[in-house]
Amino acid sequence: MNLLTPEFGLLIWTLLAFLVVFFVLGKFAWPAIMKGLKQREATIADSLATAERVKAEMAQMKSENEALLAKAREERALLLKEARETKDKIINEATEQAKIVANKIMQENIAAINAQKMAALTEVKNQVGKLVIEVSEKVLRKELSNKEAQESHIKGLVNEVKLN
């Protein structure tokens with residue numbers, strides 16, 4: 001039972017040792033521990049404030065990025081629209097120029113065809129004229145030999161001219 005009931009001297013020495021250890025710890029260890037805890041608390045608070053600030057900056061950057069992305073999309077859409085309009089304009093201009101060139105070529109071809117037609121008609125007329133002259137010359141040589149035949153021939157030609 002001695003172990004369960006301590007003696008009064010042991011109790012005092014234990015209390016005295018406890019108070020000395022408590023005093024030494026209170027004098028030297030507790031301030032250093034408290035200082036370390038306060039520094040750690042300050043560091044954690046600064047880290048939390050920095051994290052909040054970074055989080056706010058990230059949110060702001062995200063909104064700025066979204067705004068830039070939306071602006072870039074609008075610019076891309078505008079550029080695509082302008083490119084389509086330019087393409088359509090170029091195609092329309094090329095079509096109009098092609099039509100103008102085609103019409104010009106067609107008019108030149110029509111003029112050339114008409115010129116060739118007129119030249120061919122002139123050539124045919126010249127050939128017919130030559131044939132008529134040759135035939136007339138042969139007929140007149142034959143008919144000049146006989147005066148009665150010549151007069152009847154002239155009367156026939158006059159009648160023909162009046163009919164035409």
Side-chain angles (χ1 to χ4, degrees), residues 25-164:
L25 283 177
K27 185 74 175 171
F28 298 108
W30 287 110
I33 292 172
M34 292 307 283
K35 182 180 174 186
L37 287 175
K38 285 184 181 183
Q39 285 177 349
R40 180 156 172 89
E41 184 180 339
T43 304
I44 291 172
D46 287 344
S47 295
L48 287 175
T50 303
E52 286 296 321
R53 189 177 70 243
V54 166
K55 184 178 177 182
E57 287 177 4
M58 291 298 281
Q60 181 182 3
M61 290 176 96
K62 183 179 178 182
S63 65
E64 288 175 1
N65 285 342
E66 288 175 358
L68 285 174
L69 186 60
K71 185 177 179 182
R73 285 183 183 146
E74 288 175 11
E75 287 178 6
R76 183 192 75 197
L78 182 63
L79 287 174
L80 288 174
K81 181 182 176 188
E82 288 176 0
R84 277 190 220 104
E85 289 173 355
T86 304
K87 176 192 75 161
D88 292 341
K89 181 181 175 185
I90 289 171
I91 288 172
N92 289 337
E93 286 177 1
T95 304
E96 290 299 318
Q97 286 183 354
K99 286 179 182 177
I100 290 169
V101 169
N103 285 337
K104 183 179 177 184
I105 290 171
M106 196 167 18
Q107 289 174 355
E108 288 174 358
N109 288 340
I110 289 171
I113 289 170
N114 285 336
Q116 289 177 356
K117 180 180 170 183
M118 292 304 290
L121 285 174
T122 304
E123 180 70 24
V124 168
K125 285 180 183 180
N126 288 338
Q127 291 292 330
V128 168
K130 285 181 184 179
L131 286 173
V132 167
I133 291 173
E134 286 177 12
V135 169
S136 296
E137 184 180 323
K138 288 179 184 178
V139 168
L140 285 177
R141 282 188 187 159
K142 180 181 176 187
E143 291 183 3
L144 284 178
S145 60
N146 185 355
K147 189 169 184 174
E148 287 179 21
Q150 186 177 10
E151 285 179 7
S152 70
H153 180 63
I154 290 174
K155 285 181 185 179
L157 289 176
V158 169
N159 288 334
E160 262 184 55
V161 171
K162 286 182 184 177
L163 294 177
N164 289 336

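Keep in mind that the numbers below use all heavy atoms, side chains included, and drop hydrogens, waters and symmetry copies.
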Open item on the list: Tell me the closest heavy-atom pair linking P31 and G26, and the distance in Å.
Closed with: CD-O, 3.3 Å
Task: Interatomic spacing from NZ in K55 to CG in L48 - rounded to 0.5 Å - done: 11.0 Å
Task: Over 12 foreign heavy atoms within 6.0 Å of CD, E41 - done: no
TODO: Take E93 and Q97 through the side-chain hydrogen bond (donor to acceptor under 3.5 Å, both in side chains) test and state the conclusion after the steps.
DONE: CA-CA 6 Å; E93 286 177 1; Q97 286 183 354; 5.8 Å; no
- [ ] Starting at OG1 of T86, measure out to CD1 of I91 and round the result to the nearest 0.5 Å.
- [x] 11.0 Å
- [ ] Supply the atom-to-atom distance N65 CG to M58 CE, rounded to the nearest 0.5 angstrom.
- [x] 9.0 Å
TODO: Drop me the distance from N92's CG to K87's NZ, to the nearest 0.5 angstrom.
DONE: 10.5 Å
- [ ] Look up atom CZ in R40 and atom CD1 in I33, then write down how far apart they are to the nearest 0.5 Å.
- [x] 14.0 Å
Open item on the list: To the nearest 0.5 Å, what is the distance between CG on N126 and CG on L121?
Closed with: 11.0 Å
